[in-house]
Amino acid sequence: QVQLVESGGGLVQVGGSLRLSCALSGRTFSSFAMGWFRQAPGKGREFVSAICRSGGSTYYADSVKGRFTIPRDNAKNTLYLQMNSLKPEDTAVYYCAADSNLARYTPSIRRGDYNYWGQGTQVTVSS
């Protein structure tokens, strides 16, 4: 059974940095494309970033491009979201997701393409 567990969320000041982690267990981590989504208060869950199985291809939402990066460490079965220059509008619950479809070679921005999800971790950016 595949399980995803996020960690690293918390309270951070405007302009600060935070690194989220997502640990996958139950299957080989490198067989999954991975993504991050977030849900702010009163809003739907939106795409943040995604990375292919090998880590060679990434994609970022316009709202975070240039500030966030999405490295993965297949040897540690862990996905990261490095968040820099944080803004109040980055405040949200952040969710890690895994896509097991081996026929898809590029990372997807569609929530429906991810079949495993973590429980989320809260990120609050204060001004």
Side-chain angles (χ1 to χ4, degrees):
Q1 180 68 36
V2 172
Q3 294 182 324
L4 298 173
V5 180
E6 301 99 333
S7 62
L11 177 65
V12 64
Q13 298 291 318
V14 170
S17 297
L18 203 61
R19 192 187 202 192
L20 306 183
S21 298
C22 172
L24 181 146
S25 62
R27 287 176 59 185
T28 303
F29 179 66
S30 60
S31 67
F32 296 92
M34 303 292 295
W36 287 99
F37 293 76
R38 67 186 182 186
Q39 187 165 14
K43 300 182 66 177
R45 193 169 298 186
E46 67 174 350
F47 172 78
V48 176
S49 185
I51 187 168
C52 72
R53 294 183 296 275
S54 69
S57 180
T58 58
Y59 192 81
Y60 298 91
D62 289 341
S63 59
V64 306
K65 192 173 184 178
R67 299 188 297 120
F68 291 10
T69 58
I70 185 173
R72 66 186 293 163
D73 189 339
N74 285 351
K76 295 183 177 180
N77 292 351
T78 302
L79 173 75
Y80 303 95
L81 184 66
Q82 179 64 50
M83 304 183 292
N84 300 319
S85 302
L86 284 162
K87 305 174 181 179
E89 50 263 46
D90 294 319
T91 296
V93 177
Y94 284 72
Y95 297 89
C96 174
D99 172 12
S100 63
N101 188 354
L102 297 179
R104 184 161 33 248
Y105 297 107
T106 57
S108 175
I109 68 171
R110 296 176 295 182
R111 182 178 178 182
D113 285 340
Y114 295 86
N115 47 356
Y116 299 100
W117 292 83
Q119 293 181 292
T121 185
Q122 176 71 47
V123 172
T124 302
V125 184
S126 65
S127 59

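Residues forming a side-chain contact (heavy atoms from CB on, under 4.5 Å) with T106 (at least two apart in sequence, or on another chain): none. Under the side-chain contact (heavy atoms from CB on, under 4.5 Å) criterion, S25 pairs with Q3, not counting sequence neighbours. Residues satisfying the side-chain contact (heavy atoms from CB on, under 4.5 Å) criterion with V2, sequence neighbours excluded, are L24, R27, F32, Y116. In terms of the side-chain contact (heavy atoms from CB on, under 4.5 Å) criterion, residue partners of K65 (sequence neighbours excluded) are, by chain and number, Y60. The side-chain hydrogen bond (donor to acceptor under 3.5 Å, both in side chains) search around Q39 returns none, not counting sequence neighbours.
Think of Y59 as one node in a network of Ile, Leu, Val, Met, Phe, Trp and Tyr side chains linked at under 4.5 Å; its network also takes in F37, F47, V93, Y95, I109, Y114, W117. Grouped by direct or indirect side-chain proximity (heavy atoms under 4.5 Å, Ile/Leu/Val/Met/Phe/Trp/Tyr only), L11 sits alone.
Residue pairs meeting the disulfide bond (SG atoms under 2.5 Å apart) criterion with at least one member in residues 55-127, sequence neighbours excluded: C22-C96. Legend: disulfide bond (SG atoms under 2.5 Å apart) pairs involving residues 38-87, not counting sequence neighbours: none detected. Sorted by first then second residue, the salt bridge (charged side-chain N to carboxylate O under 4.0 Å, His left out) pairs that include residues 92-104, not counting sequence neighbours, are D99-R104, R104-D113. Residues in residues 71-82 take part in no salt bridge (charged side-chain N to carboxylate O under 4.0 Å, His left out) pair, two or more places apart or across chains. Listed by first and then second residue, the salt bridge (charged side-chain N to carboxylate O under 4.0 Å, His left out) pairs that reach into residues 32-55 are R38-E46, R38-D90, sequence neighbours excluded.
Summarising the geometry of Q122 relative to A92, their closest heavy-atom pair is NE2-O, 3.5 Å, with the distance given to 0.1 Å. Counting all heavy atoms, side chain and backbone alike, S100 lies closest to N115 at OG-ND2, 2.6 Å. Looking at every heavy atom in both residues, T28 comes nearest to S31 through O-OG, 2.6 Å. In terms of heavy atoms, L79 sits closest to F29 at N-CZ, 3.8 Å.
Contact of the N84 side chain with the S17 side chain is registered, since non-hydrogen atoms from C-beta on lie closer than 4.5 Å.
Under the 3.5 Å distance criterion, the side-chain polar atoms of T91 are matched with a main-chain donor or acceptor of V125. A donor-acceptor pair under 3.5 Å is absent between the side-chain atoms of Q119 and the main chain of E6, judged by distance alone. The backbone N or O of R110 sits less than 3.5 Å from a side-chain atom of S108, completing a donor-acceptor pair.
Atom-to-atom distance recorded for R67:CZ and L86:CG is 6.5 Å, nearest 0.5 angstrom. Rounding to the nearest 0.5 Å gives a distance of 14.0 Å between CZ of F68 and OG1 of T58. Note: S49 OG to Q82 CD = 12.0 Å, rounded to the nearest 0.5 Å. Considering CG of L81 and CE of M34, their distance stands at 11.5 Å, rounded to 0.5 Å. For the atom pair OG1 of T69 and CZ of R19, the computed distance is 8.0 Å after rounding to the nearest 0.5 Å.
I70 and V5 end up in different hydrophobic clusters when Ile, Leu, Val, Met, Phe, Trp and Tyr side chains are linked at under 4.5 Å. M83 and Y80 fall into different hydrophobic clusters, where Ile, Leu, Val, Met, Phe, Trp and Tyr are joined by side-chain heavy atoms under 4.5 Å apart, directly or via other members.
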